[in-house]
Number of protein chains: 2
Amino acid sequence: MLDPVSRVRRFNRAVTSAVGALDNSFLGRGRPLGAARVLNAIGHGHADVSGIRDYLGLDSGLMSRLLRSLEDEGLIETTAHKDDARRRIIRLTPAGRREFNAYEALSNRQAEDFLARHAQRETLLAAMDMIASVLRHDGIALHEADPRSDEARYCLGAYYAELARRFSHGFDVKLSRDPDAKDMVRPRGTFIVAMSDGLPLGCVGLKGSGAEQAEIKRLWVAPAARGLGLGRRLMEAAENAARELGIAVLRLDTNSALAEAGQLYRKSGWTEIPRFNDDPYPDLFFEKRL
Amino acid sequence: MLDPVSRVRRFNRAVTSAVGALDNSFLGRGRPLGAARVLNAIGHGHADVSGIRDYLGLDSGLMSRLLRSLEDEGLIETTAHKDDARRRIIRLTPAGRREFNAYEALSNRQAEDFLARHAQRETLLAAMDMIASVLRHDGIALHEADPRSDEARYCLGAYYAELARRFSHGFDVKLSRDPDAKDMVRPRGTFIVAMSDGLPLGCVGLKGSGAEQAEIKRLWVAPAARGLGLGRRLMEAAENAARELGIAVLRLDTNSALAEAGQLYRKSGWTEIPRFNDDPYPDLFFEKRL
DNA sequence: CATTATATCTGACTAAAGTCAGCTATATGC
DNA sequence: GCATATAGCTGACTTTAGTCAGATATAATG
């Protein structure tokens, strides 16, 4: 009925009016939108003038005036940067914090109303995660994290849950060769998570032993981020980290039920090798020389 | 990791910047956004001044000036309404049509770029359909349509495809008691589709025979619109139409694999009755006295 | 036909956003 | 130490959006 482009544009129309409604609710606090946006940027942790300017895409003159008006209202304080007195650091005053909290409450309220309109929350949220991930595709950042950190554990939990769903006989971490977290921390190995605006979207572990051989473990990409090439990016990051650590040969095990993963390995220079462990879950084994 | 409200707000942030980008690309044609929006509204078929004003939420004075500026550019022509000379009818000139097409090309281009960034188009489009449907929840309109019309056939096609997916032994329309289209057109019966901004989201058929008994057929709600209470709305509309047509008893058949449907019927005054036909697919039968 | 309502337009205004040149203070490189 | 670069600020300006009170023409009503 509707072609794909029309469907995207239908989405755009729907979303444009919803965004407009949020803007209008922000005007309810008697402050122009520009000033409200600057206040919110500061509340969300942007502390330096040029950072806020870049984030909001504002002209330096305009920015300066908006800061002045917030200062006149007693909502912010500015001090010179410790190492560079040309730069200014912005901080919310207690009154500014209260005002920021009021804006936060408005935003939260709107988000709750949106969710309340829909019975299948999780389906809807998954759709929103996916779209936000595509839109902010360029903003998906990979960084190394401790495998015991919150974001890493979130990814691992999602990974195990997905294996349990996809393996016909389920999945129990305890039966699998659960890599010791210490082996996925430098200098032995590392653990990499992909984050997009606060939401973890993927992970991969490099499990080393100090020897010149290491293993890739726990490659996972959130359903919301599939199709964006994130698996490949994670694998490249893991391989680069391995090279840095002086590792010459990488191995990994996987299961043929995870078709996308197998395809990714074959397309990026991995070769199938015979079984090299007695873990009950994997049935496919790969190797790559760096 | 992120709570539901934060996820909605992450979505809002992503979408706000995307909408801003579209606005900026629209500014590239050397015309303020307000004028561009009016030109687009006209191009999309809004022909009367008050219609455009309501659609865009503009003040009458501002609207008038924007029309004047488009007229000065030679992009539109205004004539008096045939029956009411106070009202003005707006039409694009050939130059206006060209300019409108340029905006359309920009929008289409953006939509294509968006789709190109993602491997799984259909998944992404389904997510966008769902969100647009929730956002435009109030704009989902039910209207009667010929069961042979494009929108009705789109719905029926989706309905059959879904049955084929959900029935363990598939579904073949030819084996089922396919209601004759004539029985779902007034005065015997009717067919109702739910449309949201050009996208069909659901349907239901009322199959009559001229007698005081009729059957409900083909109740379908698009996956993108589930959880919005659309099934109930469609059923109410069908029951109202039945009352109008002087029908006293409604019957329907369904399959226990379609759990949501059975639940809906039970909750809205239907009672289970014994099998009343020999169609191979249904295994549950309901009746309701109006 | 007079009255009232409606659709659109015009003039006069304001607020907000944005632009740009030049200023001041500080930092950096040679 | 001096030239140059950088960060932020100020003043003067323009554009865009929006508001509101009438004005004008036409339509509907009794």
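All of these numbers come straight from a predicted model, not from anything done at the bench. In the text below, chain A, chain B and the rest are named by the order of the sequence lines, each starting its count at 1.
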Trainee: What are the residues of residues 21-35 of chain B, sorted by number, that bring a heavy atom to within less than 4.0 Å of DNA chain C?
Mentor: none
Trainee: B/Arg68: what forms a salt bridge (charged side-chain N to carboxylate O under 4.0 Å, His left out) with it, not counting sequence neighbours?
Mentor: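 For B/Arg68 the salt bridge (charged side-chain N to carboxylate O under 4.0 Å, His left out) partners, ignoring immediate neighbours, are B/Glu71.
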Trainee: Walk along DNA chain C from 5' to 3' and tell me the first and last nucleotide with an atom closer than 4.0 Å to a non-hydrogen atom of chain B.
Mentor: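 Span of nucleotides near chain B: C/dA5 to C/dA12.
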Trainee: Show each protein N/O and nucleotides 18-23 of chain D N/O combination with a separation under 3.5 Å, one pair to a line.
Mentor:
unit_1: D/dT19; atom_1: O4; unit_2: B/Arg65; atom_2: NH2; d: 3.2

Trainee: Over all strands shown, is A/Asp48 touching base, sugar-phosphate only, or nothing at heavy-atom distances under 4.0 angstrom?
Mentor: nothing
Trainee: Can you pull out every salt bridge (charged side-chain N to carboxylate O under 4.0 Å, His left out) where at least one residue sits in residues 12-28 of chain A? Sequence neighbours excluded, please.
Mentor: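 Of all non-adjacent pairs touching residues 12-28 of chain A, those that pass salt bridge (charged side-chain N to carboxylate O under 4.0 Å, His left out) are A/Arg13-B/Asp197.
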Trainee: Rounded to the Å, how far apart are A/His81 NE2 and D/dT6 P?
Mentor: 17 Å
Trainee: Between D/dA25 atom C1' and B/Asp83 atom CG, what is the distance in whole Å?
Mentor: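 Rounding to the nearest Å, CG of B/Asp83 and C1' of D/dA25 are 17 Å apart.
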Trainee: Base, sugar-phosphate or nothing for B/Ser64? Non-hydrogen atoms, less than 4.0 Å.
Mentor: base
Trainee: For A/His46, enumerate each residue passing the ring pair (Phe, Tyr, Trp, His ring centres under 6.0 Å) test, keeping only those at least two apart in sequence or located in another chain.
Mentor: A/Tyr55
Trainee: Could you tell me which residues satisfy ring pair (Phe, Tyr, Trp, His ring centres under 6.0 Å) with A/Phe114, sequence neighbours excluded, listed by chain and number?
Mentor: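 Ring pair (Phe, Tyr, Trp, His ring centres under 6.0 Å) list for A/Phe114, sorted by chain: empty.
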Trainee: Do A/Met63 and A/Leu56 have side-chain heavy atoms sitting under 4.5 Å apart?
Mentor: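 When only atoms from C-beta onward are counted, A/Leu56 and A/Met63 do not touch, as no gap falls below 4.5 Å.
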Trainee: Show every donor-acceptor pair shorter than 3.5 Å between a side-chain atom in residues 232-242 of chain B and any protein atom, with sequence neighbours excluded, or say none if there are none.
Mentor:
unit_1: B/Arg233; atom_1: NH1; unit_2: B/Ile140; atom_2: O; d: 3.2
unit_1: B/Arg233; atom_1: NH2; unit_2: B/Ile140; atom_2: O; d: 2.9
unit_1: B/Glu239; atom_1: OE1; unit_2: B/Lys288; atom_2: NZ; d: 2.9
unit_1: B/Glu239; atom_1: OE2; unit_2: B/Trp270; atom_2: NE1; d: 3.3
unit_1: B/Glu239; atom_1: OE2; unit_2: B/Lys288; atom_2: NZ; d: 3.3
unit_1: B/Asn240; atom_1: OD1; unit_2: B/Arg243; atom_2: NH1; d: 2.8
unit_1: B/Asn240; atom_1: ND2; unit_2: B/Glu236; atom_2: O; d: 3.4

Trainee: If I take atom CE in residue A/Met63 and atom C1' in nucleotide D/dA7, what distance separates them, rounded to the nearest angstrom?
Mentor: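 Taking atom C1' of D/dA7 as the reference, CE of A/Met63 is at 12 Å.
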Trainee: I'd like to check the side chain to side chain contact (heavy atoms under 4.5 Å, CB included) partners of A/Arg87; sequence neighbours left out, ordered by chain and number.
Mentor: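 Partners of A/Arg87 under the side chain to side chain contact (heavy atoms under 4.5 Å, CB included) test: A/Asp48, A/His81, A/Asp84.
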Trainee: Partners of A/Arg37 by side-chain hydrogen bond (donor to acceptor under 3.5 Å, both in side chains), sequence neighbours excluded?
Mentor: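 Counting only residues at least two positions away or on another chain, A/Arg37 forms no side-chain hydrogen bond (donor to acceptor under 3.5 Å, both in side chains).
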Trainee: Can you tell me how far P of D/dT26 sits from CG of B/Asp84, to the nearest Å?
Mentor: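 My rounded result for the distance is 11 Å.
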Trainee: Is A/Arg68 close enough to D/dC9 that one of its side-chain N or O atoms is under 4.0 Å from OP1 or OP2 there?
Mentor: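 Answer yes for this pair, as a side-chain N or O of A/Arg68 is under 4.0 Å from OP1 or OP2.
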Trainee: Checking B/Leu245 now: which residues fulfil side chain to side chain contact (heavy atoms under 4.5 Å, CB included) with it, not counting sequence neighbours?
Mentor: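 Scan of B/Leu245 (side chain to side chain contact (heavy atoms under 4.5 Å, CB included), adjacent residues dropped) gives B/Arg186, B/Leu206, B/Ile247.
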Trainee: Not counting sequence neighbours, which residues clear ring pair (Phe, Tyr, Trp, His ring centres under 6.0 Å) with A/Tyr154? List them please.
Mentor: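 Ring pair (Phe, Tyr, Trp, His ring centres under 6.0 Å) check on A/Tyr154 returns nothing, list empty.
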Trainee: How long is the span from the CZ atom in A/Phe191 to the CD atom in A/Glu151, to the nearest 0.5 Å?
Mentor: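 Output value for this atom pair is 9.5 Å.
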Trainee: Start at the 5' end of DNA chain C and walk down; is the nucleotide closest to A/Leu66 or to A/Lys82 reached first?
Mentor: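 The residue whose closest nucleotide sits nearer the 5' end is A/Leu66.
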